[in-house]
Amino acid sequence: MLFKSTRSDSVVSFKEAILKGCPLDGGLFVPASVPDMRQFFLYMDSGTAYTELVSAISPSFLEGDVNPIAAARVAESAFDFEPEVQQLDEKFSVLKLYNGPTGVFKDFGIAFLAAILEELNNGKAMVLTAARHDTGVSIARAFRDRKNITAVILYPSGPIRGLDESAFVQNGGNIIPIQVKGCFDDCQRIVRSAMLDRGFAERYNITSANAVNVGRFLPQAFYYLYAFIKLKKNIADDLVFSVPCGNFGNLIAGLYAWKFGLPVHGFIAAMNINNSFGDFFSGRNFNPALTPIVTNSPAMDVCYPSNYERMFSFYQESPAVMKNMVFPEVIDDTTTVKTVRSAWEKFKILLNPHSAVAFAAAERVFIGKDNGAHCVALATGHPAKSAAFVSRITGQNIAIPQKLAMLKNTSKPIAVIPPELDAFESAIAAVAG
Ligand SMILES: *Cc1c(COP(=O)(O)O)cnc(C)c1O
């Protein structure tokens, strides 16, 4: 599969797209054309392991760069966790994506990117990423001990949690956490400037594992196919996925799964009240709010989605088709709380608030209406990540898995720097030579 920028038509390989991160024209990489992959997944039986599915599909992304044996090796080394599909009733299922090391679906994209980079990279590489909350942990876990790769994680001011210090460079590992005295945007700005500083970028062979990297974003399509394989025997209807959206990477990955040939009726774009982007789906002008409103699903408090140009490119190609493919829904905090409660009462399932937004949107659009569709709501976060919230609403004790309990431990960064590129480059030279 070849990739092009949302702003031009010259193409690059998957390998080049991952190693560059973003095209130099400021756009985002998207597939230049999408192969029909039905032959690889349509007839897989419901006992298929996630790694088998990934090994079968990923060689099509990587044509030429990786052979089927290497693809299997990548899948095995990326995933020691799987998505989980649970059918709740005749019309409704949940796709649980929170069994990875940090309990959020982002673990899936990050794990694949780390494994594929290790496979494709010849020579040394340094992966720079601005991170907050548990994304840094996900990166540190996925990149730990990857040969010839160093992972530099830039954190904004505040406590740094959940890292395993034995993986840090000074302890013989390959992880370098650096704290920037500033906010998350300062960290992102430093990553961008470092990638554009030719001398520095070439010296260390820099790439980024940020959320828009195609190596992280596109492999999220795999779990939509997986849900289909698991469910197809039991259901006669077309699938509709309800996706809790913030930067819209997850939803757009679903749209690519559809392009790969997944039989799907549509996608619900479930948003909290930060729904500026909803106007876009209705064909109105997109006027993003300037600052997000804080909600009880904070990972979705986004006004200007970083994947905006990817979504735009879909609509540019075929606006009429897209109108029947993506259904926007907005769920407020009160409804989120009610849904956490009703999902427990009705299905005995514990929902994280982000997942509850997807559930609520699915119920609003589908439940009780016979529209010939089976809805799959994506559960993107582990209920234990919002244990107090979920416990208060459901009255249940929420068991916290050991790996998630460890996310609370604080650790010290290797360096603390002012929010400037020079300071960052000196810090790297001091630890990485
Ligand atoms: C990041 C995140 C989202 C939003 O996903 P996008 O791909 O940015 O739309 C939803 N739920 C949880 C738990 C998240 O961490």
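Read the numbers this way: they start at 1 and go in the same order the structure lists the ligands and their atoms. These values consider heavy atoms only, across backbone and side chains, with no hydrogens, waters or symmetry-generated copies.
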Practice problem: Measure up the F281 and F248 rings against each other and bin them: parallel (under 30°), tilted (30 to 60°), perpendicular (over 60°). | Solution: tilted
Self-check item: Residues forming a side chain to side chain donor-acceptor pair (under 3.5 Å) with K91, sequence neighbours excluded
Solution: D237, D370
Quiz item: For ligand 1, which atoms sit closer than 4.0 Å to a heavy atom of C245?
Solution: 9 (O)
Exercise. Kindly say whether N287 contributes a backbone atom to a donor-acceptor pair with the side chain of N285 at under 3.5 angstrom?
Key: no
Quiz item: Do the ring planes of Y50 and Y226 sit parallel (below 30°), tilted (30 to 60°) or perpendicular (above 60°)?
Solution: perpendicular
Exercise. Looking only at protein heavy atoms, identify the closest one to atom 7 (O) of ligand 1 and say how far it is in Å.
Key: N250 N, 3.0 Å
Quiz item: What protein heavy atom is closest to atom 3 (C) of ligand 1, reported as residue, atom name and distance in Å?
Solution: F105 CE2, 3.6 Å
Self-check item: Residue, atom name and distance, where the atom is the protein heavy atom closest to atom 11 (N) of ligand 1
Solution: T380 OG1, 2.8 Å
Quiz prompt | Closest approach of any protein heavy atom to atom 4 (C) of ligand 1, naming residue and atom | solution = G246 N, 3.6 Å
Would you list the atom pairs, donor with acceptor, under 3.5 Å between side chains in residues 250-269 and any protein atom, with sequence neighbours excluded?
from: N250; atom 1: OD1; to: Y223; atom 2: OH; distance (Å): 2.6
from: N250; atom 1: OD1; to: Y224; atom 2: OH; distance (Å): 3.4
from: K259; atom 1: NZ; to: E317; atom 2: OE1; distance (Å): 3.3

Quiz item: Among protein heavy atoms, which sits nearest to atom 8 (O) of ligand 1, and what does the distance come to when rounded to 0.1 Å?
Solution: N247 N, 2.8 Å
Exercise. Could you tell me which atoms of ligand 1, counted from 1 in the order shown, lie closer than 4.0 angstrom to a heavy atom of G249?
Key: 6 (P), 7 (O), 9 (O)
Quiz item: With distance as the sole test, does N247 use its side chain to make a donor-acceptor pair with the main-chain N or O of G249 at under 3.5 Å?
Solution: no
Quiz prompt | Protein heavy atom at shortest distance from atom 2 (C) of ligand 1 | solution = K106 NZ, 2.5 Å
